[in-house]
Amino acid sequence: MGDRETGPYGPAVDETFLRGIPKAELHVHIEGTLEPEMMFGLARRNGVALAYASVEEAREAYDFADFQSFLDLYYEGMKVLLHERDFQDLTLAYLQKAAGQGVRHAEIFFDPQAHTDRGVPFETAITGIRKALVEGGRRMGLSSRLILCFLRHLSADEAMRTLQEALPYKGWISAVGLDSSEVGHPPKEFKEVFAEAARHGFLSVAHAGEEGPPEYIRQALDDLGAARIDHGVRCMEDSTLVERLREEQVPLTVCPLSNVRLRCFPSMQEHPAKRMLDEGLCVTVNCDDPAYFGGYVAENYAALREGLGFDRDNFRAVAENSFRASFLDETEKERRLHEVASYFEDQRGETAQPPGTASSRPPQI
Ligand code: ADE
Ligand code: ZN
């Protein structure tokens, strides 16, 4: 770790500073926060056999040749999640980790079809997650939103059935999203499902332009009405699209470690995050599936510093963008933006609320 005043990245951009930046996390799959230690613990608790002999063996297997090889292990790992308590423990562990990294607000994806398809009721998953989110608000002052993702490798009809199942829990879900294997599953296939979700008052987001072409980003905006694009990194291949994203300030929830680990880019040095910021795009930085990709949000910030030379101004921009792009109300956004400003205006970042402490106002969930 570099010295705060004289370190290789200039003053006050060491790991402690990066962890302390007040930030929102807008792209994290709760199932992707299942660390091997917890996977083994839940396997024991639930009597589930795992494909790995040890935690170390599981970690060694996380060397992905491509996106599908990741998804195979991701769906395999979550088989240990059976009971409400499992979902609650998983979510609470993530919130604790996030709060320790300066996260004040988290918008969390869950994949109900990955659970209902193996016989775990929708209610079990969502109730466990919800209980942890309420507890996180109370204990850590961390506000949150829940986003239901449809698995795009399954059909639009199945997504529609999942939406119907979700309706009794509408009050707990802010938005719908679209994830899983992108190539060959364009957003437009889910147009009707998203229109129906909008009729019920859900906001929408969608993974697009991670592995798929820029055209999928356009479809996510035009056919699904996405308020944010998850990843969106392939927009840089299409200058007309870049212009639109800049003009409309469409938030892009970028996940650098994920993109490198899934071989979207050969190295962090070749990741477009810095060019995207320089183009005036609304870039936010997130962790995607931190248990599988080697780090939570602060490790993603550090990777951008090391790989792309992100400086204080860049970090301030992405932290501010994270709150602007969130589904918080305007008053909460202003409060959090003020917190970011005071953190950066104090060279040592010591006036801001330390990570993980309860806020002076009641938590918003
Ligand atoms: N599900 C979990 N992680 C994902 C990712 N990076 N892209 C698409 N679907 C996912
Ligand atoms: Zn994702």
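Order of appearance sets the numbers: ligands from 1, and atoms from 1 within every ligand.
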Cation over ring, Arg228 on Phe327, under 6.0 Å and within 45°? yes
Modelled atom types, side-chain donor and acceptor of Asp111 and Tyr74, under 3.5 Å: yes
Would you check whether His231 reaches within less than 4.0 Å of ligand 1, judged by its heavy atoms? yes
Heavy-atom gap Ser180 to ligand 1 smaller than 4.0 Å: yes
The Zn ion (ligand 2) reached by His231 (N, O or S, under 2.8 Å): no
Say whether Phe109 and ligand 1 are in contact under the criterion: heavy-atom distance to a ligand atom below 4.0 Å. no
Can you spot which of Phe315, Tyr301, Phe344 makes a ring-ring contact (aromatic ring centres under 6.0 Å, His included) with Phe17? Phe344
Considering distance alone, does some N or O of Asp111 sit under 3.5 Å from an N or O of ligand 1? no
Residue and atom name of the nearest protein heavy atom (relative to atom 6 (N) of ligand 1), distance in Å to one decimal: Asp288 OD2, 2.7 Å
Tell me yes or no: between the side chains of Ser69 and Asp66, is some donor less than 3.5 Å from an acceptor? yes
Side chains of Glu158 and Ser155 only: does a donor on one sit below 3.5 Å from an acceptor on the other? yes
Taking atom types as modelled and ignoring hydrogens, do the side chains of Glu270 and Ser267 form a donor-acceptor contact shorter than 3.5 angstrom? yes
The Zn ion (ligand 2) to Asp288: nearest N/O/S atom name: OD1
I need the nearest protein heavy-atom contact for atom 7 (N) of ligand 1: residue, atom name and distance, please. Glu210 OE1, 2.8 Å
Counting backbone and side-chain atoms alike, is an N, O or S atom of Asp230 positioned under 2.8 Å from the Zn ion (ligand 2)? no
Metal site angle (apex the Zn ion (ligand 2)), NE2 from His29 and NE2 from His207, 10 degrees: 100°
Of the protein's non-hydrogen atoms, which lies at the shortest distance from atom 3 (N) of ligand 1, and what is that distance? Asp289 OD2, 2.6 Å
With a 6.0 Å cut-off (strictly less than), is the heavy-atom count around NZ of Lys333, excluding the residue itself, greater than 12? yes
Measure from atom 1 (N) of ligand 1 to every heavy atom in His29, Glu31, His207, His153 and give the option owning the shortest one. His29
Under a 3.5 Å distance rule, please check whether Ser144 uses its side chain to pair with a backbone N or O of Glu107 as donor and acceptor. no
